[in-house]
2 protein chains.
Amino acid sequence: MAHSHDIPTDLTRNQELVLGTLTASAGPLSAYDILDKLRGDGLRAPLQVYRALDKLVDRGLAHRLESLNAFVACADMHCHRKGLIAFAICESCGKVDEFADEVIEERLGTWARTGGFKVERTTMEIRGRCADCLAKAA
Amino acid sequence: MAHSHDIPTDLTRNQELVLGTLTASAGPLSAYDILDKLRGDGLRAPLQVYRALDKLVDRGLAHRLESLNAFVACADMHCHRKGLIAFAICESCGKVDEFADEVIEERLGTWARTGGFKVERTTMEIRGRCADCLAKAA
DNA sequence: AACGATATGTTATGTTATTACGCTTGCGGC
DNA sequence: GCCGCAAGCGTAATAACATAACATATCGTT
């Protein structure tokens, strides 16, 4: 049976290339960053990348960081899309930490229920400095 | 003494124009939307709008919605910048509801403290359908 | 008046994302 | 087999969002 880090097998060539690029990267990449890295593999147009990204994001294999206009591979291959995900983005090194918090999710649910708002998607992005960078700066 | 909805008097002409436009709008506006509305007032270049927006956002008089690449006037003239602000954006009518939640803020603080992350700025945006639009659709 | 800080106006350019169109591929039903 | 459909792909063009670089102006302070 399946184990931790396996990549779904039913990806198309472009989707695989894009996901591979994201996975190999230390930090978020813009669609155009990805495109540049994949020119050697035959990709030529932004749309090829955007289409692949759409699918990957749909499937929870990648995330879009709205405040960066960039993308990252999902950090946790187990729990795709299982709820609200928050991202902590370090302004110094660019690294992104992904985490889920049930309390926040629950709290949001309460707010929505109260106001009759139907939540479809939530983005939560924290900008700041990660512990490593703070240590280095000290 | 000052009361609820007064506009700060020390804004420059461009800042006033931009804030006025945002305040008059029912929903979020992109920088270019704003520019188009202000051509009659002599504005010609995107930068004039972006510069004004920068200041307004700095001062908490306007907010940037990252997931929309658009801007809104701050809904609450009293409590500018006093903490984490969440936005609920209706995909149907475009209206934006602005709210603060101390529990979420606190929870985020805890997470940050635990991991040694220094938070500088947080964006939280909920996409979905507002009560009004749900009622209409029913 | 001289200075610095802040704001302005303008042109050009850079970056991110989508529209439109046509071709190809895989697959189920007949 | 072959038709028809859905999904994917390739390409060109363009739209939408944002900033760089540079010159000028305005205002408060000394």
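In what follows, chains are A, B, ... by sequence order, proteins preceding strands, each numbered from 1.
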Student: Rounded off to whole Å, could you give me the CG-to-P distance for the B:Leu53 and D:dA18 pair?
Tutor: 9 Å

Student: Just the rounded figure in Å: distance from C1' of D:dT26 to CZ of B:Arg51.
Tutor: 14 Å

Student: A:Lys55 has an atom NZ; how far is it from atom C1' of D:dC9, in whole Å?
Tutor: 12 Å

Student: Let me know the distance between CG of A:Leu11 and C1' of D:dC9, rounded to the nearest Å.
Tutor: 16 Å

Student: Would you say D:dG10 has OP1 or OP2 under 4.0 Å from some side-chain N or O of A:Gln48?
Tutor: yes

Student: What is the minimum heavy-atom distance between A:Ala70 and A:Pro28, and which atoms define it?
Tutor: CB-CB, 3.9 Å

Student: Between P on D:dG8 and CG on A:Asp54, what's the gap in Å once rounded to a whole number?
Tutor: 11 Å

Student: Does a distance-only test, which skips hydrogens and angles, find a donor-acceptor pair under 3.5 Å between the side chain of A:Arg13 and the base of D:dG8?
Tutor: no

Student: From the set D:dA21, D:dC9, D:dA18, return the single nucleotide nearest to any side-chain atom of B:Pro46.
Tutor: D:dA18

Student: D:dG10, OP1 or OP2 - any side-chain N/O from A:Arg44 closer than 4.0 Å?
Tutor: no

Student: Under 3.5 Å, sequence neighbours excluded: what are the donor-acceptor pairs made by side chains of residues 89-99 of chain A?
Tutor:
unit_1  : atom_1 : unit_2   : atom_2 : d
A:Glu91 : OE1    : A:Arg127 : NH2    : 3.2
A:Glu91 : OE2    : A:Arg127 : NE     : 3.3
A:Ser92 : OG     : A:Arg129 : NH1    : 2.4
A:Glu98 : OE1    : A:Ala75  : N      : 2.9
A:Glu98 : OE2    : A:His63  : NE2    : 3.1

Student: How many angstroms lie between CG in B:Asp101 and CD1 in B:Ile85, if you round to the nearest 0.5 Å?
Tutor: 12.5 Å

Student: Mind checking whether A:Val119 and A:Leu108 have side chains closer than 4.5 Å, heavy atoms only?
Tutor: no

Student: Go through the structure and list residues passing side-chain contact (heavy atoms from CB on, under 4.5 Å) with B:Arg64, not counting sequence neighbours.
Tutor: B:Glu66, B:Asn69, B:Phe71

Student: Between A:Glu106 and A:Thr110, does a side-chain hydrogen bond (donor to acceptor under 3.5 Å, both in side chains) hold up when you go through it step by step?
Tutor: CA-CA 6 Å; A:Glu106 155 62 18; A:Thr110 302; 3.3 Å; yes

Student: Given atom CG of A:Leu47 and atom P of D:dC9, what is their separation to the nearest angstrom?
Tutor: 11 Å

Student: Roughly, in whole Å, what's the span from CG in A:Asn14 to P in D:dG8?
Tutor: 11 Å

Student: For chain A and DNA chain C, what are the first and last nucleotides along the strand, 5' to 3', with at least one atom under 4.0 angstrom from a heavy atom of the protein chain?
Tutor: C:dT16 to C:dA20

Student: In this structure, how many angstroms lie between the C1' atom of D:dC9 and the CD atom of A:Glu16, rounded?
Tutor: 15 Å

Student: With A:Lys55, which residues qualify under side-chain contact (heavy atoms from CB on, under 4.5 Å), at least two apart?
Tutor: A:Gln15

Student: Donor-acceptor pairs under 3.5 Å, side chain of residues 44-54 of chain A to any protein atom, not counting sequence neighbours: which ones?
Tutor:
unit_1  : atom_1 : unit_2  : atom_2 : d
A:Gln48 : OE1    : A:Arg44 : N      : 2.7
A:Gln48 : OE1    : A:Ala45 : N      : 2.9

Student: Please report the closest heavy-atom contact between B:Trp111 and A:Ala88, naming both atoms and the distance.
Tutor: CH2-CB, 3.3 Å

Student: Could you list by number each residue of residues 29-41 of chain A showing a heavy-atom separation from DNA chain C of less than 4.0 Å, or answer none if no residue does?
Tutor: A:Ser30, A:Tyr32

